[in-house]
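Have a look at the structure below, then the notes.
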2 protein chains.
Amino acid sequence: MSREAGSWTDLATEALARAGFRSGGGRSQVLELLATQGCALTALEIDRRLPGVGRATVYRALDQLESLGLVQRVDLGSDAAGYERLDPEGHHHHHIVCERCGKVVPFEDAALERAIKRVSHQASFDVAEHDVTLRGTCARCSG
Amino acid sequence: MSREAGSWTDLATEALARAGFRSGGGRSQVLELLATQGCALTALEIDRRLPGVGRATVYRALDQLESLGLVQRVDLGSDAAGYERLDPEGHHHHHIVCERCGKVVPFEDAALERAIKRVSHQASFDVAEHDVTLRGTCARCSG
DNA sequence: ATGACTGCAAAGCCTTTGCACGCAA
DNA sequence: TTGCGTGCAAAGGCTTTGCAGTCAT
């Protein structure tokens, strides 16, 4: 029922291997970094934290991981897109963003998920993913 | 209880005047174009549809209208941000986007809104707005 | 040995900024 | 007349692409 801490990494590595990707390069480093993050990171932040990995490699890796459904891209209103790991069938969170200071806080809500699931089924689209973003002012900035 | 068709334009024009903005220029044209649209338009699309108006003016106008709460910016996954009018306290919709062809379809759902409203109140943030995006494949692209 | 993968640098695209002219008030 | 508003062009920032060298298999 419960998984080890590194399970997403294992799952992702396996999925990459199955898809015919090689391991050991920059892509693996991107993957491992994302595994340790609870929330979204921008491509440039990832690039900054992986000095040995080129920027292009980071973007290419994120693209591939997203195609495989291992990573989700999220738009949080800033100029740069955020990327975070996507737990298969597991809990997933959404984001509240402070329009003043840019702070991002994740949250989960079961009722919200249910509503979205229902809408998704009703739609004529075959809905694969979704995201919800709340925007406002954080306690510190309101204060 | 009901409003005339042009009410949002009137409301927006009034809000602009109250905020000390002048009228008659490119900003008014941007405003009038958005008034006729049911869904989001990108800045570049707006620029293309308003030949006499410069691109910078379009971006500046959208920024101002957004600050006044008359327009909402929405990220639909494409490179360019979308903008659509925001009815004050009125119905508002969200979007389903086809990842294959880019088609955007609006939808409304009361239960979803209720869930979001509840989450917004629980949060430590002062939530001002929100948006929900569903992504998948449209009927036509699913084949 | 082979070709997937990578880094670097250049190019692309959306968006913002600087500046001088024009028009609403 | 005043200074807000505008258009044009240049600059800025994120992302993608081209290309040749490198490394996993």
Side-chain angles (χ1 to χ4, degrees), chain A residues 12-34 40-68 70-84 99 102 104, chain B residues 12-34 40-68 70-84 99 102 104:
Chain A
T13 303
E14 193 186 318
L16 284 172
R18 204 169 13 196
F21 287 102
R22 289 181 182 174
S23 65
R27 181 171 44 230
S28 301
Q29 293 183 53
V30 170
L31 188 153
E32 277 164 28
L33 173 56
L34 285 177
L41 237 48
T42 67
L44 262 41
E45 284 168 346
I46 295 172
D47 179 54
R48 214 173 296 135
R49 296 208 198 178
L50 299 175
V53 181
R55 189 164 301 178
T57 297
V58 170
Y59 279 103
R60 283 188 279 238
L62 290 172
D63 224 40
Q64 296 160 343
L65 291 170
E66 193 190 9
S67 297
L68 289 171
L70 298 168
V71 157
Q72 172 155 25
R73 177 190 161 142
V74 293
D75 280 307
L76 298 177
S78 69
D79 334 278
Y83 294 85
E84 62 191 11
E99 293 179 305
V104 176
Chain B
T13 303
E14 192 185 319
L16 284 172
R18 201 168 16 193
F21 287 102
R22 291 180 181 173
S23 65
R27 181 170 43 229
S28 302
Q29 292 183 55
V30 170
L31 188 154
E32 277 163 29
L33 173 56
L34 284 177
L41 236 47
T42 67
L44 262 41
E45 284 168 346
I46 294 172
D47 179 53
R48 214 173 297 135
R49 296 208 199 178
L50 299 175
V53 181
R55 190 163 301 178
T57 297
V58 170
Y59 279 103
R60 283 188 279 239
L62 290 172
D63 224 40
Q64 296 159 342
L65 292 169
E66 193 188 10
S67 296
L68 290 170
L70 298 169
V71 157
Q72 172 155 26
R73 178 190 160 141
V74 294
D75 279 308
L76 298 177
S78 69
D79 333 278
Y83 294 86
E84 60 190 13
E99 293 179 304
V104 176

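Chain letters run A, B, ... following the sequence lines, proteins first and then strands; every chain starts at 1.
Heavy atoms of A/S23 sit under 4.0 angstrom from primed sugar atoms or phosphate atoms, though from no base atom. Using a 4.0 Å heavy-atom distance criterion, B/G26 is classed as a sugar-phosphate-only contact. Residue contacts for A/R55: at a heavy-atom cut-off of 4.0 Å it reaches a base atom on one of the strands shown. Across all strands shown, A/G25 has heavy atoms under 4.0 Å from sugar-phosphate atoms exclusively, and none from any base.
Exactly one of A/L70, A/L65, A/V71 qualifies for a side chain to side chain contact (heavy atoms under 4.5 Å, CB included) with A/L31. That residue is A/L65. When B/L44, B/V53, B/T42, B/D63 are each tested for a side chain to side chain contact (heavy atoms under 4.5 Å, CB included) with B/V58, only one passes: B/V53.
The nearest heavy atom of DNA chain C to B/D79 and to A/G52 marks one nucleotide each, and the one closer to the 5' end goes with A/G52. For the pair B/Y83 and B/R22, both in contact range of DNA chain C, the more 5′-proximal nearest nucleotide belongs to B/Y83.
Atom pair B/F21:CZ and D/dG3:P shows a separation of 17 Å (rounding to whole Å applied). Per the geometry, CG belonging to B/L62 stands 17 Å off C1' belonging to C/dT17, to the nearest Å. Here the P atom of nucleotide C/dT17 and the CD atom of B/Q64 are 13 Å apart, to the nearest Å. At whole-Å resolution of the value, CG in B/L50 and C1' in D/dC8 are 17 Å apart. For the pair A/L76 CG and D/dC14 P, the computed distance is 15 Å after rounding to whole Å. Atom C1' of nucleotide D/dC14 and atom CG of B/D75 are separated by 13 Å, given to the nearest angstrom. One interatomic measurement links the two molecules: CD of A/E45 to P of D/dG13, which rounds to 16 Å at whole-angstrom precision. Taking atom CG on A/L65 and atom P on C/dC5, their separation rounds to 12 Å, with Å as the unit.
Within the 4.5 Å cutoff, no side-chain heavy atoms of A/T57 are placed close to those of A/Q29.
Nearest nucleotide to the A/L44 side chain, out of D/dC14, C/dT15, D/dG5: D/dC14. When the nucleotides C/dC8, D/dG5, D/dA9 are ranked by their closest atom to the side chain of B/A56, D/dA9 comes out on top. Across C/dT17, D/dT15, C/dT15, the shortest atom-to-atom separation from the side chain of B/R60 is found for C/dT17.
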Residues 74-83 of chain B side chain polar contacts: donor-acceptor under 3.5 Å, at least two apart:
{"residue": "B/S78", "atom": "OG", "partner": "B/A80", "partner atom": "O", "Å": "3.0"}

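Contact check, B/R27 against D/dG5: a side-chain N or O comes under 4.0 Å of OP1 or OP2. Between B/Y59 and C/dT16 there is no side-chain N or O to OP1 or OP2 distance below 4.0 Å.
Summarising the geometry of A/E66 relative to A/R73, their closest heavy-atom pair is OE2-CB, 3.3 Å, with the distance given to 0.1 Å.
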